[in-house]
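Heads up: the structure comes next, in structure tokens.
Residues: numbered from 1 along the sequence shown. Given the structure is predicted, the values throughout are model-derived calculations rather than measurements.
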Amino acid sequence: MNDSFVAPAVDWLYLAPILVVLGAGVVGVLIEAFVPARVRRTVQVVLALLATAAAFALVVVLWRDPAVQGSDVAPYGVRVLGGSMVIDPFGLAVQGIVVLLAFLAILVIADRTSTGQDAFAPSAAAVPGSPYEDLTRRKGLEQTEVYPLVLFAVGGMMIFPATGNLLVMFVALEVLSLPLYVLSAMARRRRLLSQEASFKYFLLGAFASALFVFGVALVYGFAGSVDLVEVYRSLATPGGPLASMPGLVVVGALLVLAGLLFKIGAAPFHAWTPDVYQGAPTPITGFMAACTKAAAFGALLRVLYVVSLGLAQSSPATREDLFVALWVVTLLTMVVGTVVGAVQTDVKRLLAYSSIAHAGFILVGVVGFSQLSLRATVFYLLVYGLATVGAFAVVTLVRETAPVRERVPATVGAGAGEAGAPDNPSDDSGEQPVAVLGEATHLAQWAGLGRRSPWLAGTFSLFLLSMAGIPLTAGFVAKFTAFGAAIAGPDGQGGGSTWVLAVVGVLASAVAVFFYVRIIVLMFFTAPAGGADEGSGEGAGASEGAGVTVVRSAGPTTVAIAVCALGVLLLGVFPSPVLDLAAEAVKFVP
């Protein structure tokens, strides 16, 4: 008997994008311990941006690797670490989308604006309204741990859609989720609302993780493995586990899918979305809304297609039952997102329900179960991510104001003011100085924004029109491809009845246009409260209205908004190159 250890051969090159991001996260933790405070923030920002940019470059390099793309005589995709990681065009496409959107989100996170402060509490551990919190504000402390946490979350998001092992997928789920729980509680303003959002996200996320891991246990019970290839073989074997214990197979698959549907915010697993989006720091909300959804849809597609293909071989009837469950989730998600979103009066909650509705629109394409579905999903995730990061970046610049002479009360909820010293008080005009507070998220506060800051309102309108699916924006092309995949059906020739979902999707999109256009009407065709039609002009540091001001970006947010707006326009007018790349991503290894 030979007990000698045989070292496994690991193709480290194919793991390079993930290793760069996670390695940068580890370095970021060391920076917190050893780099002087005066330069720590700058070092962390540069490191985070370089890491995501390098990861994207490595994804591009791997994209053209012959082993990944395959050939006529060789299969596509590379299985690394015994199949725990599957590097294929689909996984790389989702990873590329995640790191691109993360790069843009980090720009928004890093911006201090003209107030000189970022969106994060100087000490997240301080009790809101306590003397210690006031002391941290006066000392000017900064929470630079944000950047390593974001990098760890991005690393988990990159593993999530690229793993071929359900246990590794669960680990990736926790790696991406735990930093987000912490980041959601770190808002500088409305501290208690932020902490409440974090607690809700953590509690509901723990239940979702429990459902996922319990489903993995049941899958292991009938397949004898958590490797997706082995699961496929087990399901595809006639007279296999599906014949002897169909209940175990169906319940296990549904529990795994439920855990994934929670992360994309699909109904009825959406309850956390509006509260967390509203309470979390706005830059983190944009990061979560774009990147988490992309990673979760990538993982969902990988699991869903393995289960679907396996059931198609052994039990088409059970596969149809799975389709029915997805139909119900898709319809419910679209209806909840559009109907409830239409009555929202808070911009962040409105965008949260918009996110739920878009999850339903993407699921319409997914249920098509064809190569067109995969292409449509990849393209939609990129388009939605650009519009979402850009929209939340705009929200970070629209702020409430209050007279400096009034003591700003400690924040205790959504409608409360700000705790501690005011941001950027200004008295240069000779009028009573005002303090810049948190984001002005009530819809009434956006009235007349187009008159005070036309460029900012114009870009926000562009993002909203893209979400609504108006022609000549990227959102129109994304919805067209997703609904087209549903109409084509699993056979790609129009067979099946998935066209019904496309019809409902079009109707839901028409309803959603109402609450998008309502904001545009408020910004351009409604006078601000108090009747102030004109502001102080964009050349000033802030354009001031009745209790609302548009603060000036220090640069990073402006870059992020410009890139997102350019992407939305270009993908709406010239989508073919990206659609061709998305078509290459339909190849993935179960």
**Message:** So, using salt bridge (charged side-chain N to carboxylate O under 4.0 Å, His left out) as the criterion, who are the partners of Glu230 when residues are at least two apart?
**Reply:** Arg233
**Asked** Going from CH2 on Trp63 to CD1 on Ile87, what distance comes out if it is rounded to the nearest 0.5 angstrom?
**Response** 12.5 Å
**Prompt:** Do any pairs count as a side chain to side chain donor-acceptor pair (under 3.5 Å) and have a residue in residues 249-270, sequence neighbours left out, and if so which ones?
**Reply:** Ser177-Lys263, Tyr201-Lys263
**Asked** Which residue, Phe152, Phe202, Phe199, forms the ring-ring contact (aromatic ring centres under 6.0 Å, His included) with Tyr181?
**Response** Phe202
Between side-chain atoms of residues 206-215 and protein atoms elsewhere (two or more places apart, or another chain), which donor-acceptor pairs fall under 3.5 Å?
residue	atom	partner	partner atom	Å
Ser209	OG	Glu174	OE2	2.7
Ser209	OG	Gly205	O	3.0

**Request:** Provide the full list of side chain to side chain donor-acceptor pair (under 3.5 Å) pairs with a residue in residues 324-341, sequence neighbours left out, each pair given once.
**Result:** none
**Asked** Is there a donor in the side chain of Arg375 and an acceptor in the side chain of Thr481, or the other way round, less than 3.5 Å apart?
**Response** no
**Asked** What pairs of residues pass the side chain to side chain donor-acceptor pair (under 3.5 Å) test when at least one of them lies in residues 358-368, not counting sequence neighbours?
**Response** His358-Tyr380, His358-Tyr516
**Message:** Tell me if a side-chain donor or acceptor on Thr498 pairs with a main-chain N or O of Ile487 at a distance below 3.5 Å.
**Reply:** no
**Prompt:** With distance as the sole test, does Asp65 use its side chain to make a donor-acceptor pair with the main-chain N or O of Ala67 at under 3.5 Å?
**Reply:** yes
**Request:** Decide whether Ser355 and Tyr384 meet the rule of one side-chain donor and one side-chain acceptor closer than 3.5 Å.
**Result:** yes
**Asked** By side chain to side chain contact (heavy atoms under 4.5 Å, CB included), which residues pair with Val563, not counting sequence neighbours?
**Response** Leu104, Val559
**Asked** Is a donor on one side and an acceptor on the other found under 3.5 Å between the side chain of Ser84 and the backbone of Leu81?
**Response** yes
**Prompt:** Which atom names give the shortest non-hydrogen contact between Glu584 and Pro89, and what distance separates them?
**Reply:** O-CB, 3.5 Å
**Prompt:** How about Trp272 and Phe262: are their ring centres within less than 6.0 Å of each other?
**Reply:** yes
**Prompt:** Is NZ or CZ of Arg319 both nearer than 6.0 Å to the six-membered ring centre of Phe369 and within 45° of the ring axis?
**Reply:** yes
**Donor-acceptor pair between Glu145 and Gln44 side chains, under 3.5 angstrom** = no
**Asked** When rounded to the nearest 0.5 angstrom, what is the spacing between CG in Leu101 and SG in Cys291?
**Response** 5.0 Å
